Amino acid sequence: MAGSTGEGGGESPLLRMAPAWTGIAMRTLAATIGAYALASALAMALARTLPLSRAEATCLAAMVAVLAMPAAVIWAFAARTVTRTWGVMLPIIALGFLAAWLMGSPA
Amino acid sequence: MKEGFRQSMAWLHNWSGLLIGWLLFAIALTGTAAVFRPETSNWMRPEIAHHAGPVDQAQALGAAVSYLSSAGKGAPAWYLTAPDDRAAFTQAIFSLPRGGDANGYRTLALDPRTGRPDGIRDTLGGEFFYRFHFELKIPYPWGRILASAAAMVMLVALISGIITHRRIFADFFTLRPRKGQRSWLDVHNALGVLALPFHLMITFTGIMTLITLTMPWAIVANYGSDMARFYEDMAPGFSARPALGKAAPLGDVAAMVRDARRRMDGQISLVIINNPGDAAATVTISKHDDGQIAYAAGRVTYDGVSGRLLSAYAEDRPMRKLYDTFYGLHVGRFGAPVTRWLYFICGLALTATIGSGLVLWTVKRSRNGGLGYHLVEKLNIGVVTGLPVAAAAFLWANRLLPVTMAQRPEGEVRVFFTSWVLMILAGFILPRRIGWIAGLMLCAAAWLLLPPLSAWTTGRGMITSLLAGDWQFFGFDTVSLAIGLMFAIACRHMVRPAPAARVPRRMQAA
C-alpha cells in the first residue's frame, strides 16, 4: 500500500487515476482473454521450438507460459494507454501462434 | 509517470483483491488446514488406536491386500496409500461396478494391523479440506479452473501489492494499534510482507499444480490429442499391462513393499495394483515424498503374480524435475515436521493477509457507504468468521453424528456448508458490530470446546494423549485451543470501546 500521498491519503487521487469505463473494460479484456491468449501462444511456440526432448520442451513451455500470464496482466493495467496495451500484446500473440503453426505438428 | 504506474497498480491491487478475496480466503484457509491432512484424517478416525513406534508398511500393505482380495474383487485397480510417520492407516480407493460415490469410487480407511475397515467411522477426514482447497466442491473441471483463476488473480494482487507498497522495509516494523484504518493497513502490510516469499511461492506453485488442465496448449502443440503418449512420456513406469482375462492370485505384496523400501532407500507412499486377480497384474510402488522436495521422485513396478521386478524409474530429466519440485514445494510433504509448522504458520499469515485486506477495503470506504460497501461488509462477516465456524462444525459433526450413520461423510460435509450458509445469513441480518462480535465469539467457542467434546465422545482427551505420548492427538487439540484463544482475543478487542471514544479522555487529561 502507498504512503501518505498515495491511496492512503483518501479517495480523490484514485478516482482521478481510474481510467474511464471503456478503458477499464478494454484493459480487463486484455488482462483476461488477452493474457491467456498470449500465454497460450507462447506455450505453443516454445513447445515446438525449444531444443529439448518432446516431454521436456512441453514441460518448460507450459511453465514459462504460466509465468508470462501475470506479466501480461500487469502490463494490461500499467501501459499508459489502452492502444499501447493491445499494441504490444496483439503482435506477441500473433507471432506465437504463427511460429507454432509454421513449425507444424510433430512427426 | 512513476506515480501513475504506482496508482494504477494500487487500483489493480484493490479491485482484483476484492473481486476474488472471499474465494481466496476460503482457498487459503482450507489449504492451510490441508498442511496437516494425515493428522486431521487420523484425528477424525479415533477408532484407530495410537501406536508408538514406526509403522510396518510391508505388513500393513500385506494385510490390506488380503482384505481387498475379497472386498475389492472385480475392481480394475486398487490405489493404496501406505501408512507412514504421519498417516495411521492404509487408504484404499477402488471402483466397483456397484456402489461407491458419484464417480463409482469407494474410499476405505484400513487398520494397519488387521487390514480391515471394521469399526472405523466413515469420514472424508483431512481429505475434505484438501479437496475443497482446489476443487471448491464444484464439479470437475470447473472447480479446479476457478481455483486456478483465483490463484492467478492472487499472484497479480501480490505483484501489484508489492509495487504499490513503497516503504516495504519500514512498514515491516510498523504497527500502530487501535488506530482504525491505519492499524488494519499495518496488519495487512506486516503479515503480507512477513511471509512474502512464502505467499509468492505458494501462489505460483499452486497455479503450477493444475497447468495440464489450465494451460494444455504446450501439450496440444507437441502431442495433439495423443494423451496416452503424453502421460507415458511424462510419468514413465506407471503404465499397466492389459488384463489377460486369466485368473491368478496376487503374489506376496508385503515382500514387494520390503524390496521397494530397500531399493528406494526409505518409506514408500502410493501402491497401485493394476488388474488384481488377473495373470497380468502389476504392482507399482512409489517413493515417499519426505526424502526430497520433488514430488513423485521415483517408482518401481513388479509383476503382481510372481513378484519379479519389471521396471525401476527415478526421475532425472531437469525440466520435469523442476516441475516436480514446484509441485513438491506446494504440497510441502518433504523434510522434518518443522516444515509443516512453517507452512501452517505462513498459511495462517496468508489467510489473515487476505482477511485483513477485505476488512481494509470496507474500513477505507466507511464514510461513503453505498450498496456495494454494505454488501462487502456483510459478506466479510459471513466469510471471515463463518468459514472458521463451518470448519469447526465439520469437526464437531465428526464427533457427534452416529458412527454407524448411512452416508456419514456426506452428512459431515452438509454440516460444514449448512453452518457456513447460516453464518453468511446471520452476517446479513445482524447489525455490523454485533455481527462481528457474535461471529468471533462463536469461532472462539466452537474451537475452544472442540477438545473437551472430543475427550467426552472418544475418551482420548488431552491428558490421556499426553500420557500416552500421542503427539498427533495432543497437537491437534492444542492447535484447536490456540485457534479458539486467538478468536477470543480478537472478540475482546472488538468488544472494548472503539478508539474514537477513548481519545477525548486522554485529551481531557492533557
Side-chain angles (χ1 to χ4, degrees), chain A residues 1-3 5-8 10-11 13-19 24 27-28 31-32 35-37 39-50 52-67 69-74 76-80 96-97 100-101 103 105-106, chain B residues 1 3-16 149 152-153 155-156 158-161 163-167 170-171 181-182 185 188-189 192 204 207-208 211-212 214-224 229-230 233-234 236 317-320 322-323 326 360 364-365 367-368:
Chain A
M1 292 283 148
T5 54
E7 51 160 330
E11 205 57 37
L14 246 192
L15 283 179
R16 256 188 283 122
M17 241 318 285
I24 293 181
R27 284 174 194 266
T28 307
T32 49
Y36 187 76
S40 307
L42 200 63
M44 294 187 95
L46 285 178
R48 299 297 301 122
T49 52
L50 283 172
L52 295 164
S53 77
R54 191 150 40 140
E56 287 283 271
T58 307
C59 236
L60 183 60
M63 290 192 285
V64 171
V66 167
L67 271 179
M69 224 185 133
V73 176
I74 298 290
F77 287 98
R80 234 173 320 156
F97 282 126
W101 182 69
M103 292 293 290
S105 41
Chain B
M1 165 68 198
E3 215 32 55
F5 174 57
R6 204 188 284 280
Q7 286 187 345
S8 59
M9 286 301 110
W11 183 90
L12 182 59
H13 182 81
N14 289 340
W15 291 98
S16 62
M152 186 54 81
V153 176
L155 192 54
V156 169
L158 278 171
I159 297 169
S160 54
I163 295 170
T164 309
H165 198 331
R166 103 183 67 192
R167 305 193 315 135
D171 279 0
Q181 178 180 335
R182 274 258 67 109
L185 184 59
H188 184 69
N189 286 343
F204 171 68
I207 297 167
M208 283 290 166
I211 55 172
T212 46
T214 55
M215 185 50 66
W217 306 110
I219 304 166
V220 169
N222 272 356
Y223 292 89
R229 175 74 195 275
F230 166 68
D233 254 14
M234 275 299 138
R317 295 171 294 180
M319 293 310 149
R320 173 71 217 201
L322 180 64
Y323 178 80
F326 286 142
L360 187 57
K364 267 192 339 203
R365 288 160 182 79
R367 275 159 300 175
N368 312 28

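What you see is a predicted model, and the numbers here were worked out from it, not measured in a lab. Just so it is clear: chains get the letters A, B, ... in the order the sequence lines come, proteins before strands, and each one is counted from 1.
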Max heavy-atom pairs within cutoff under 4.5 Å with chain A, candidates B:Ala218, B:Ser16, B:Pro318, goes to B:Ala218
Does any heavy atom of chain A fall under 4.5 Å from the side chain of B:Met215, the backbone, both, or neither of them? both
With the side chain counted from C-beta on, respond yes when B:Met319 and A:Thr58 share a heavy-atom pair under 4.5 Å apart, and no when they do not. no
Residues in side-chain hydrogen bond (donor to acceptor under 3.5 Å, both in side chains) with B:Ser160, at least two apart? none
Closest heavy-atom pair, B:Val220 versus A:Met44, reported as atoms and distance to 0.1 Å, is CG1-CE, 4.3 Å
Provide the closest heavy-atom pair for A:Cys59 versus B:Tyr323 in the form atom of the first, atom of the second, distance. SG-CB, 4.0 Å
Kindly indicate whether the side chain of B:Phe326, heavy atoms from C-beta on, has any atom under 4.5 Å from the side chain of A:Val66. no
Considering only heavy atoms and a distance below 4.5 Å, find which of A:Ala61, A:Pro70, A:Ala100 pairs most often with chain B. A:Pro70
Can you name the closest pair of heavy atoms from A:Arg48 and B:Ala221 and give their distance? CD-O, 3.2 Å
Distance from B:Trp217 atom CH2 to A:Leu46 atom CG, nearest 0.5 Å? 16.0 Å
Given that the side chain runs from C-beta out, which part of B:Tyr223 has a heavy atom under 4.5 Å from chain A: side chain, backbone, both or neither? both
Roughly how far, to the nearest 0.5 Å, is CD1 of B:Ile207 from CE of A:Met63? 14.0 Å
Heavy-atom pairs under 4.5 Å with chain A, option from B:Thr214, B:Asn222, B:Val156 with the top count: B:Asn222
In short, B:Asp233 meets A:Arg54 closest at the heavy-atom pair OD2-CB, 4.5 Å
Tightest non-hydrogen contact, residues A:Tyr36 and B:Pro216, listed as OH-CD, 3.9 Å
Side chain, backbone, both or neither: which part of B:Ile219 has a non-hydrogen atom closer than 4.5 Å to chain A? both
List the atom of A:Glu56, the atom of B:Arg320, and the distance in Å for their closest heavy-atom pair. OE2-N, 3.0 Å
Say you draw a straight line from CH2 of B:Trp11 to CD1 of A:Ile24; how long is it, rounded to the nearest 0.5 Å? 4.0 Å
A:Leu42, A:Thr32, A:Leu67: which one forms the most heavy-atom pairs within less than 4.5 Å of chain B? A:Leu67
